[in-house]
Amino acid sequence: MTASLQDPVLSVANLRVSIGGRTEAVRGMSLAVARGETHCMVGESGCGKSISALSVMNLLPRGIIRTADHIRFQGQDLLAMSERQMSRLRGDKISMIFQEPMTSLNPAYTIGSQMSEVLERHRRAIRRQAMDRAAELLARVGITAPGMRLGQYPHQLSGGLRQRVMIAMALMCDPELLIADEPTTALDVTVQAQILRLLQKLQQELGLALLLITHDLGVVARMAQRVSVMYAGEVVETGAVGDVFAAPTHPYTRGLLDCIPVPGKTQTGEPLGNIPGMVPRIPPGFAGCGFRDRCMSAAPECAQAVPLRDAGGDHSYLCRLPPDWTRASAA
Amino acid sequence: MTYAIEVRNVHREFKQSGGIVRLRRPVRAVDGVTFSLPAGDVLGVVGESGCGKSTLARLIMGLLPLTSGEILVDGRSLTGMDRRERARLIQPVFQDPFSSLNPRHRIRDIVGLPLASQGDMPKARQVDRVMEMLARVGISSEMAERMPGQLSGGQRQRVAIARALVLHPRIVVCDEPTSALDVSVQAQILNLLTELRRELGLTYLFISHNLAVVEHIATEVAVMYLGRIVEQAPAQELFRTPAHPYTRALLSSVLTPDPALGIPDVGLGDAYPDPTNVPPGCRFHPRCPSAFAECAVTMPDNIRKDGRLVECLLATTS
Amino acid sequence: MSSVGIAQALPGRRRFPAFRRLATLLGVVIVGTALLVAIFAPYLTPHDPFAQDLNLRLIPPVWMEGGQPTHLLGTDQIGRDYLSRLIYGTRISMLIGVLAVITSGLIGITLGIVGGFYGGRTDDFVMFLITCRLSIPLILVALTVVALVGSSLAVVILTLGLLLWDRFAVVARTTAMQVRNLDYIAAAQAAGASRVHILVREVLPNIANHLVVVATLEMALAILLEAALSFLGLGVPPPLPSWGLMIAEAKEYMFFSPWVIMTPGVVLFVLVLGVNLLGDGLRDMLGADLER
Ligand SMILES: Nc1ncnc2c1ncn2[C@@H]1O[C@H](COP(=O)(O)OP(=O)(O)OP(=O)(O)O)[C@@H](O)[C@H]1O
Ligand SMILES: Nc1ncnc2c1ncn2[C@@H]1O[C@H](COP(=O)(O)OP(=O)(O)OP(=O)(O)O)[C@@H](O)[C@H]1O
Ligand code: SF4
Ligand SMILES: [Mg+2]
Ligand SMILES: [Mg+2]
């Protein structure tokens, strides 16, 4: 799926990631994020969302290899960059909020020293300035008594506080592109809403491009301009967020939307819809639809290459079924 | 009426470490919580990050000593109770299935630990019970021989549920049991918890920051703010007619999957609560959109009316 | 979520250059050889290490002028075969190394886990003990104890064991502090598990990798200390063939027969180096980070 965007901040074409030659974690993923835009990536655990993000950052663990037609950041080719050039971008112009705030913060250092280190490294700021900036950002993400928090160690903070620290840390250098891997999962709704508003404000002020990885379809609906639904390493459906939510077309997208309790729509105590089974491991040379062993509408032809179909506008999806299928017509 | 659990005016403070000891005020993580829950009910506990939900859960599980107050389960006080007896009454399910299972033990040993700790059941019976429970939550006997690292998040959470239920406890304390899971797995786990509650007559304390999930599973909901329950009511009533201004803010910030709507302005301002420095009067007044002069002075009463509790001057005066 | 693996792998993942892997291999070979030699000493020695022959005093090693093929590494000042004494010396060194580490490990790990896990006053007390221990001048106390009680293998092992536990305690304490906040510990407590169960079955296996590394470091230290004590005549009593003792006995002759002091010295160096290399390799492999 090639995204057609003028002058995107980030553009990824046909990204493939192979884990040790045994698993295809990402299979031809393409996406583009424009200045000031929010692009959401949703999908179940193990779909390859984090791996895709880490591929862009060139932070893949050993033994995991990425290939792509291109990965461009503001026109610069990230594939051709040396590790030194990349590390100058990381934390500065491209910043990433890692998924696990517990493990991405070093338990041995205080919050303050970890946050100020970023600014000292990229901007040659002195410690005092860096600490002031850190305190300011902690206050902006809603942490009271930031001075006290700066002196604390990660284990002394609650999960929600740690996640906010990670967000503040990513904003230390005013990035142009922020890749946020599930930044609000440990937060309660009011703080989540406040942080998402903060991110939206930064987008308006600084033109921040945001690639937001999340499980929360509510966040997607409210935040994103575009959404890419990932499954088993592929973008199975993508489009403007209104189109995708109004007319979810891929069986996986429909399944996801059925799983969530929606006040007023789902009944208390009644079972929720769910997608049985698990995200499969895709071996090299795999053909056909990756969703077929969990799909209610699978047919023999799903084992062959499935077409990329257009559902109107920029909305497209990967499935044998026509855009207007129903459970009855697919059976 | 005997309650499955009664929590009476429970307090818990944490001392701050480091710095000049005398200048550091303690963190008042749980600051006078009272509630009671009939058997078979599900109490959903919601509230801001850091408002003391997990601390309350740990107090109830006996993992932290109380600073003051009392907790009764089945009419018996937890204070000084033998750990084995407590284990038969209360069991936990934690948020992160990746840290709640010891990575160096086999699944069957993990689930068998509560039985083994009781020390009064023959080994063979224990194994049977463990396998029965694992089968009930959908874990095959082949998986029982594996290590936690070889299971998916949803499977791990099923294992954690099996461990919690293997002793047939009275109360299961679930601290955000689905917030680390996929929506599809979350749906499976919620369905499983609902089924098990019906079958085994369990009582849940269900902590979550996902209000849609709480609305789906809870019969009664308690809203916590800065260490206290500020509103408690039957689930439907609370969601239909929230009375406390904080509850209203909370409900209005739920992000339903509706692309036509944006991110709501919560209207709580930027004065975030600080558990080391609880405001006088109503603890919510610095952020409350409906606050009036009286709120900064008078602490609202903790009054229960028609099965409903609202700790707000607006509710008690009118 | 399943990408815990990645996030954890990210900051910690280091690439080990070839020479570090080679160094580890060298450590394994040296320690492995020393172990085999220690175990099979009686089958490896060409002569009785205690048999004196005053006619064959101070024969140089075979590659030097005057060397004899029957005594590959020559003989000492009372005509005992040097190679045989070295081989039995390996036994003494390894025995002392291993037993002293076990003793100190038992003390240090117990104190460290208890202090780190329970925190509060218990931890203050453990920290106090550690501080006391660190303020004790190792060699002087070891010397005094051995001088007072008299020297024997058991006394040396016990003295070293009682003195070398501090690093075990420090590492066990910090790692136990990290583990105690994890949910599986809380789950075990809620399951009604006993304190002993929690410390031994839940905490210990998860910090064992760090402790293995400490064990190697302490073993190297114990071997060196034993040599030092024996050199001062307060370690293993003669005629037991300890390397330290061999160096001590040889010092009067070193100007005319330098090999008598060189050979045990070199062997001691190689074994201690080997143990340390092995420790470094284990640290890399197990991802134990002692700096924390
Ligand atoms: N370090 C690793 N080594 C081997 N396989 C890995 C590694 N990290 C991830 N994988 C595999 O790659 C696939 C994609 O993982 P990824 O973490 O990108 O998923 P995700 O969509 O981010 O899931 P989540 O929602 O849980 O974060 C999974 O099958 C996973 O098991
Ligand atoms: N062991 C501890 N030592 C010091 N302070 C603590 C400790 N545990 C919790 N706290 C503090 O107590 C308060 C309540 O924390 P708690 O973990 O109960 O919040 P929570 O409601 O579960 O939040 P979250 O939704 O983020 O999990 C926080 O301010 C936290 O920093
Ligand atoms: S291609 Fe087939 S298996 Fe895949 S989603 Fe469509 S119908 Fe289901
Ligand atoms: Mg991920
Ligand atoms: Mg919590």
Side-chain angles (χ1 to χ4, degrees), chain A residues 44-46 102 139-140 142-145 148 151-152 156 158-161 163-164 185-194 196-197 200 215-224 241-242 244-246 255-263 266-276 278-279, chain B residues 16-19 46-51 54 95-96 99 152-155 176 179-188 190-191 194-195 209-213 215-219 235-236 239 249-250 253-266 268 270-274 276-277:
Chain A
E44 272 169 295
S45 201
M102 321 283 172
R140 280 193 83 172
I143 292 180
T144 35
M148 172 188 95
Q152 284 186 317
Q156 291 170 303
S158 75
L161 285 174
Q163 210 156 32
R164 282 185 266 176
T185 33
L187 303 179
D188 63 288
V189 281
T190 55
V191 182
Q192 168 172 286
Q194 270 163 315
L196 293 178
R197 276 179 86 88
Q200 278 185 336
H215 278 113
D216 188 336
L217 292 161
V219 173
V220 178
R222 305 288 188 103
M223 273 297 276
V241 71
V244 174
F245 276 76
L256 277 184
L257 284 166
D258 283 344
C259 287
I260 48 172
V262 180
T266 46
Q267 281 300 303
T268 304
E270 288 304 303
L272 297 162
N274 70 64
I275 313 172
M278 279 168 58
V279 181
Chain B
Q16 293 286 324
S17 55
V46 296
E48 208 154 32
S49 190
C51 69
S54 297
Q95 168 180 1
D96 183 1
S99 73
S152 73
Q155 290 168 336
E176 307 197 11
S179 55
L181 303 175
D182 280 318
V183 287
S184 63
V185 183
Q186 167 176 293
Q188 293 165 15
L190 289 176
N191 291 347
T194 311
E195 275 168 43
H209 54 244
N210 188 331
L211 281 110
V213 165
E215 184 167 1
H216 184 77
I217 197 162
T219 55
Q236 288 191 339
F239 284 105
L250 205 58
S253 41
V254 175
L255 303 180
T256 48
D258 184 351
L261 302 173
I263 307 285
D265 183 359
V266 182
L268 294 183
D270 285 332
Y272 288 90
D274 177 2
T276 63
N277 187 12

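Only heavy atoms go into these numbers, but all of them, side chains included; no hydrogens, no water, no symmetry mates.
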Between A:Arg197 and B:Ile263, which heavy-atom pair has the shortest distance, and what is it?
-> NH1-O, 2.8 Å
Below 4.5 Å from any heavy atom of chain A, which atoms of B:Gln155 appear? Answer side chain, backbone, both or neither.
-> side chain
Part of B:Glu215 lying under 4.5 Å from any heavy atom of chain A = both
Contacting moiety of A:Val262, where chain B heavy atoms sit under 4.5 Å | side chain
Closest non-hydrogen atom pair, B:Val266 against A:Ala193 | CG2-CB, 3.6 Å
Nearest heavy atoms of B:Gln186 and A:Pro261, plus distance in Å = NE2-CD, 4.1 Å
Partners of A:Glu44 by salt bridge (Lys or Arg N to Asp or Glu O under 4.0 Å), sequence neighbours excluded?
-> A:Arg294
Measure distances from B:Thr194 to the heavy atoms of chain A and classify the residue's part below 4.5 Å as side chain, backbone, both or neither.
-> side chain
Once you round to the nearest 0.5 Å, how far does CG of A:Leu196 lie from CG of B:Leu255?
-> 6.5 Å
By side-chain contact (heavy atoms from CB on, under 4.5 Å) - contacts of A:Val189 (at least two apart) = B:Leu211, B:Leu250, B:Ser253
Test side chain to side chain contact (heavy atoms under 4.5 Å, CB included), reference A:Leu272, set B:Val213, B:Val183, B:Leu190, output is B:Leu190
What residue, out of B:Thr219, B:Thr276, B:Asp265, B:Val254, has the most heavy-atom pairs lying under 4.5 Å from chain A?
-> B:Asp265
Portion of B:Ala235 that has a non-hydrogen atom of chain A nearer than 4.5 angstrom | neither
Are any of the side-chain heavy atoms of A:Arg222 and B:Pro264 separated by less than 4.5 Å?
-> yes
So, the part of A:Ile260 with a heavy atom under 4.5 Å from chain B: the answer is side chain
Please determine, among B:Thr256, B:Ile217, B:Asn210, the option with the most heavy-atom pairs under 4.5 Å with chain A.
-> B:Thr256
Smallest separation among heavy atoms of B:Ala187 and A:Cys259, with atom names | CB-O, 3.7 Å
